[in-house]
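Below you'll find the structure, written out as structure tokens, and then a few comments.
Chain letters run A, B, ... following the sequence lines, proteins first, then strands; residues in each count from 1.
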Amino acid sequence: MKIYNTLTNKKEAFEPLENNLVRMYVCGVTAYDDCHLGHARSAVVFDVIRRYLTFRGYQVKFVRNFTDIDDKILNRAVEEGIPWNEVSAKYIEAYSHDMNRLQVSIPDVEPRATDHMQEIIEMIKALVEKGHAYRIDGDVYYHVPSFEGYGRLARRNLDELQAGARVEVDERKRDPMDFALWKGAKPGEPAWQSPWGPGRPGWHIECSAMSIRHLGETFDLHGGGKDLIFPHHENEIAQSSAVTGKAFAKYWLHNGMVTVDEEKMSKSLGNFFTIKDIFAKSNSSESITAETLRYFLLSTHYRSDLNFSNQAVSAAKAALDNLYGLFQRLEEPTCGETADTKSFQGMIEGFKSAFLHAMDDDFNTPKALGEFQRLRSEVNGYLQSGLSKGSRKNVLETFPQLGEPLGLFQMAPKEWEFRPMSFAVTQPGLQADSGQILTDDWIERQVQKRVEARERKDFATADQIRKNLAAQGITIEDRPDGTSRWKR
RNA sequence: GGCGCCGUACCCAAGUGGCUAAGGGAGCAGUCUGCAAAACUGCGAUGCAGCGGUUCGAACCCGCUCGGCGCCUCCA
């Protein structure tokens with residue numbers, strides 16, 4: 001298996017530090033607002049990485065944190081007029097809800113900064129003792145020049161950084177690059193007791209403290225969005241290695257940004273789409289919307305940026321329609337039995353090995369999805385001439401089995417709906433009475449009436465029924481034997 | 001200004017030194033069908049931003065140019 005490591009800037013053979021145990025930490029979110037598609041991408045990408053490692057036989061311990069104390073949370077509390085810890089609790093709940101809808105599996109540990117104050121304070125104390133941090137009044141700063149390897153991850157040197165510094169420099173700091181480990185509390189702010197007086201931790205230290213607490217001083221994988229490389233991950237390394245004297249994470253993985261009109265999706269630009277909104281505006285069921293979003297998110301390699309558009313999501317939905325269409329046909333009773341052919345077995349095996357090969361190469365999900373599509377096309381070809389029951393079953397099991405690491409193809413084919421996906425009300429007339437209110441029984445009766453009409457060659461009636469159903473978003477497909485299937 | 005990434009067909013997107021440049025969406029044509037739908041088959045980049053260079057051979061390596069983006073500030 002090969003994994004691209006930001007630390008070395010190249011793909012490396014993946015070798016866990018300890019046998020087949022993989023310890024991975026991913027930076028989660030600051031709980032002060034609903035999460036958007038960018039947050040979701042990071043969560044889905046690392047969910048897939050975790051699932052695939054597990055699928056490959058590794059024992060994975062996966063930790064993803066919540067930042068539940070931070071300036072933005074405090075600001076939000078003032079805005080909403082509620083206590084700060086209600087803000088974080090509310091948005092942690094919202095995040096968990098969204099991740100659950102997106103079928104993102106729950107990490108083994110979801111640590112929160114406020115539950116690790118002891119570890120954080122101990123770590124800062126150690127940094128002060130070792131001369132890597134200093135106190136100014138109630139604040140504690142990390143002294144960046146005291147750490148020799150600073151800038152290695154982001155491939156920058158201190159001179160360059162200072163030349164480009166855009167922040168107003170706090171004159172009290174020994175170096176402009178120094179960052180806060182501990183912030184003394186201002187009146188009215190929440191505070192924890194510390195050797196430097198009441199206050200709260202800076203952002204970067206919590207990830208160091210929590211990852212070491214749950215995974216040990218050196219662990220295998222550390223992930224997050226690529227916008228965290230600098231300064232967040234650079235600072236994590238500086239803090240952690242300065243305390244332990246050991247290497248921190250062995251492999252650093254970073255996902256690309258989600259963009260809108262080629263610009264990074266972000267709060268500050270205001271060009272973000274929340275997961276909540278996307279689900280609310282979707283004309284499909286929650287599970288179908290979730291699978292479509294996952295397919296969309298995995299259709300670009302995790303390290304590249306991914307542009308969000310209605311068209312791109314629709315393409316993902318259409319691609320899934322074709323796959324679920326095949327599943328549906330495979331489940332139908334066979335008319336003619338044909339014997340298994342050698343070439344069929346070979347084709348399935350060829351697919352499996354192509355899938356593994358793609359995923360083993362730095363989790364190349366777009367390539368893997370391409371292989372699934374190729375399998376679909378192959379199986380459809382076999383279906384033209386006939387496929388044995390055993391082979392049908394084989395295919396029907398292969399998709400969910402290999403789709404599991406991607407979190408795809410877990411749905412029963414009959415639950416799938418084939419209507420084009422949209423996120424807004426496009427055609428009010430059609431939208432208003434789309435399939436949802438129609439019961440399967442009612443549709444079934446309509447279809448049966450049409451079958452009977454066709455039997456007596458009353459095509460006018462048959463076509464009228466088909467037209468009516470089409471207006472409700474129901475598609476009819478006639479089989480050669482005179483029966484019909486329908487799809488929402 | 002510094003550091004880094006990217007530019008592959010109408011759209012999305014793999015491929016990063018050597019078979020006919022994966023796959024999906026959209027489109028067109030054919031087979032099938034009462035007509036459809038679906039499926040299948042075929043068509044679609046003599047070329048991978050442009051220009052040079054290295055090489056027996058380059059989308060892939062090197063250089064320059066143009067264009068886009070990210071980070072350098074909170075950020076997934």
By the 4.0 Å heavy-atom rule, please label [X] as base, sugar-phosphate, or nothing.
X	value
A:G28	sugar-phosphate
A:V45	nothing
A:H36	base
A:K267	nothing
A:G38	base

Identify which nucleotide among [options] has an atom closest to any side-chain atom of [X], counting heavy atoms from C-beta outward.
X	options	value
A:N380	B:G2, B:C40, B:C69	B:C40
A:N255	B:A76, B:A38, B:G70	B:A76
A:S304	B:A14, B:A76, B:A39	B:A14
A:V29	B:G2, B:C74, B:A76	B:A76
A:R156	B:A76, B:A39, B:G2	B:G2
A:Q311	B:A76, B:C11, B:C40	B:C11
A:F230	B:A38, B:A13, B:C72	B:C72

(Q) Between A:N307 and B:C11, is there a contact of a side-chain N or O with OP1 or OP2 at under 4.0 Å? (A)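 Result: no.
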Q.
Please confirm whether the shortest side-chain N or O distance from A:S299 to OP1 or OP2 of B:C12 is below 4.0 Å.
A.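 So the side chain of A:S299 is outside the cut-off, no N or O lying under 4.0 Å from OP1 or OP2 of B:C12.
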With rounding to whole Å, what would you report as the distance between [N] and [M] at their [atom1] atoms?
N	M	atom1	answer
B:U54	B:C61	C1'	8 Å
B:U65	B:A76	C1'	35 Å
B:U16	B:C62	C1'	14 Å
B:G47	B:A9	C1'	10 Å
B:C64	B:C5	P	14 Å
B:C60	B:G7	P	11 Å
B:A58	B:A49	P	15 Å
B:C10	B:G44	P	14 Å

Which residues satisfy the salt bridge (charged side-chain N to carboxylate O under 4.0 Å, His left out) test with [X], sequence neighbours excluded?
X	result
A:D33	A:R76, A:K267
A:R376	none
A:R51	A:D47, A:E404
A:R445	none

Between atom [atom1] in [X] and atom [atom2] in [N], what is the gap in whole Å?
X	N	atom1	atom2	answer
A:L228	B:C5	CG	P	19 Å
A:L306	B:A76	CG	C1'	13 Å
A:R329	B:C40	CZ	P	7 Å
A:M257	B:C72	CE	P	11 Å
A:E234	B:G4	CD	C1'	13 Å
A:L375	B:C40	CG	P	12 Å
A:Q384	B:C32	CD	P	12 Å
A:L383	B:U41	CG	P	12 Å

Counterpart residues, side chain to side chain donor-acceptor pair (under 3.5 Å), relative to [X] (two or more places apart):
X	value
A:D34	A:K276
A:W416	A:D321
A:H232	A:H204, A:E236
A:Q311	none

Q. For RNA chain B, what are the stems built from at least three Watson-Crick or G-U pairs in a row, each pair having both distances below 3.5 Å?
A. B:1-7 with B:66-72, B:10-12 with B:23-25, B:27-31 with B:39-43, B:49-53 with B:61-65
(Q) Under the criterion salt bridge (Lys or Arg N to Asp or Glu O under 4.0 Å), I'd like the reasoning laid out for A:R488 against A:D440: C-alpha separation, chi angles, the key distance, then a yes or no. (A) CA-CA 10 Å; A:R488 283 187 196 273; A:D440 286 6; 2.6 Å; yes
Q. Are more than 12 heavy atoms from other residues, nucleotides or ligands located less than 6.0 Å from atom CG of A:N9?
A. yes
Q) How far does CZ of A:R392 sit from CZ of A:R329, to the nearest 0.5 angstrom? A) 10.0 Å
Q: Give the B/S/- string for nucleotides 17-24 of chain B, one per nucleotide from 5' to 3', where a protein heavy atom under 4.0 Å of the base yields B, of only the sugar-phosphate yields S, and otherwise -.
A: -----BSS
Q: Take A:G225 and A:K11, find for each the nucleotide of RNA chain B with the closest heavy atom, and name the residue whose nucleotide sits nearer the 5' end.
A: A:K11
Polar atoms only, N or O, under 3.5 Å: list the protein pairs with nucleotides 34-36 of chain B and their distances.
residue	atom	partner	partner atom	Å
B:G34	O6	A:R454	NE	3.3
B:G34	N1	A:D463	OD1	3.0
B:G34	N2	A:D463	OD2	2.7
B:C35	O2	A:R466	NH2	2.4
B:C35	N3	A:R466	NH1	2.9
B:C35	N3	A:R466	NH2	3.2
B:C35	N4	A:D478	OD2	2.9
B:A36	N6	A:D478	O	3.4
B:A36	N1	A:D478	N	2.9
B:A36	N1	A:D478	OD2	3.4
B:A36	N3	A:R466	NH1	3.0

Q. In this structure, which one of A:H233, A:R303, A:M257 forms a side chain to side chain contact (heavy atoms under 4.5 Å, CB included) with A:K226?
A.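 Answer after filtering A:H233, A:R303, A:M257: A:M257.
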Q: Salt-bridge test for A:K183 and A:D71: reply yes if a basic N is under 4.0 Å from a carboxylate O, no otherwise.
A: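 Result for this pair is yes, salt bridge flagged.
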Q) With A:N271, which residues qualify under side-chain contact (heavy atoms from CB on, under 4.5 Å), at least two apart? A) A:V260, A:E263, A:M265, A:S266, A:L269
